[in-house]
Amino acid sequence: QSALTQPASVSGSPGQSITISCTGTSSDVGSYNLVSWYQHYPGKAPKFMIYEVTKRPSGVSNRFSGSKSGNTASLTISGLQAEDEADYYCCSYVGSNTWVFGGGTKLTVL
Amino acid sequence: QLQLQESGPGLVKPSETLSLTCTVSGGSISSSSYYWVWIRQPPGKGLEWIGYIYYSGNTYYNPSLKSRVTISVDTSKNQFSLKLTSVTAADTALYYCARYFTPTAVFDSWGQGTLVTVTS
């Protein structure tokens with residue numbers, strides 16, 4: 001399985017909204033509603049922000065939302081804050097109890 | 001609160017076997033709703049799912065690594081382990097252990113990660 005495709009970097013100003021895309025294939029993202037998103041500060045443990053494409057765990061700000069269209073999933077962060085600056089990874093089920101991650105996107109808050 | 005802590009050698013020679021252990025505290029590794037996972041991140045690259053194990057011993061591996069990977073569990077010690085054979089420089093990475101929660105299909109708890117460098 002090949003890694004999911006994410007933009008290497010995105011940026012936005014405080015208060016703005018940004019969207020990070022995660023493109024897979026009809027064998028992974030397109031076939032299963034099992035896409036999750038992880039926020040990672042270097043040196044820290046990654047934290048899941050979205051699961052099952054659109055669901056947000058308790059404790060995660062409602063500024064974070066997920067969606068999917070065809071083979072592409074997306075993470076949108078609205079009302080950008082300085083603390084959102086981190087690396088973000090998507091992950092999808094591929095079938096047969098296997099998983100694939102994206103290459104990661106570095107979010108810079110200008 | 002659940003904590004996962006990776007341990008093992010930080011340096012491994014090419015062609016040798018990488019061995020890491022993850023110690024789980026604050027929860028039982030024998031819980032029925034979880035799998036126990038290894039994930040890695042090579043320097044400057046994205047995350048790669050290596051595989052996971054259920055407390056009963058059922059294992060599932062990344063097809064690209066399957067021939068070299070073994071994940072095992074020791075419920076008496078609340079630990080699970082990773083062995084990766086015939087390592088090369090391409091196996092240099094930050095290795096994370098994590099927990100997979102089956103009802104929501106998410107990796108919901110992670111260790112801090114441990115850097116393993118393959119070098120002669």
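Chain identifiers are assigned alphabetically (A, B, ...) following the order of the sequence lines, protein sequences preceding nucleic acid strands; residue numbering begins at 1 within each chain.
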Could you check whether any side-chain heavy atom of B:Trp49 comes within less than 4.5 Å of a side-chain heavy atom of A:Thr98, counting everything from C-beta outward?
yes

Quick check: closest heavy atoms across B:Leu47 and A:Phe101, and the distance to 0.1 Å?
O-CB, 3.2 Å

Examine whether an atom of A:Ser36 lies under 4.5 Å from a heavy atom of chain B, and if so say whether it belongs to the side chain, the backbone or both; otherwise answer neither.
side chain

d(B:Thr104 OG1, A:Glu52 CD) to nearest 0.5 Å is 6.5 Å

Are B:Val116 and B:Phe80 linked, directly or through other ILVMFWY residues, by side chains that come within less than 4.5 angstrom of each other?
yes

Point-to-point distance, once rounded to the nearest 0.5 Å, from NE2 of A:His40 to OH of B:Tyr96
3.0 Å

Can you name the nearest heavy-atom pair linking B:Val106 to A:Tyr38, along with the distance?
CG2-OH, 3.2 Å

Heavy atoms of other groups near B:Glu16 CD, more than 12 under 6.0 Å:
yes

Non-hydrogen atoms of A:Pro46 and B:Gly111 that approach each other most closely:
CD-O, 4.4 Å

Is it the case that one hydrophobic cluster holds both B:Phe101 and B:Ile50, taking links as side-chain heavy atoms less than 4.5 Å apart, direct or via other members?
yes

Taking the six-membered ring for Trp and the single ring otherwise, decide whether the centroids of A:Trp99 and B:Phe107 are under 6.0 Å apart.
yes

Do A:Leu34 and A:Val60 land in one hydrophobic cluster if side-chain heavy atoms of ILVMFWY residues count as linked below 4.5 Å?
no

Considering only heavy atoms, which portion of B:Tyr61 lies under 4.5 Å from any heavy atom of chain A: side chain, backbone, both, or neither?
backbone

Treat each ILVMFWY residue as a node, draw an edge where side-chain heavy atoms are under 4.5 Å apart, and state whether A:Val94 and B:Tyr60 are in one component.
no

When rounded to the nearest 0.5 Å, the distance separating CG of A:Asp87 from CD of B:Gln41 is 7.5 Å

Would you compute the distance between atom OH of B:Tyr100 and atom CG of A:Asn97 and round it to the nearest 0.5 angstrom?
7.0 Å

Checking side-chain polar atoms at under 3.5 Å, does B:Asp108 have a donor or acceptor matched by the opposite partner on A:Tyr51?
no

Hydrophobic cluster membership, with links at side-chain heavy-atom distances under 4.5 Å among I/L/V/M/F/W/Y: are A:Val29 and A:Val100 in one?
yes

Go through B:Ser109, B:Pro63, B:Ala98, B:Ser64 and name the one with the most non-hydrogen pairs under 4.5 angstrom from chain A.
B:Pro63

Honestly, the part of B:Leu94 sitting under 4.5 Å from a heavy atom of chain A is neither

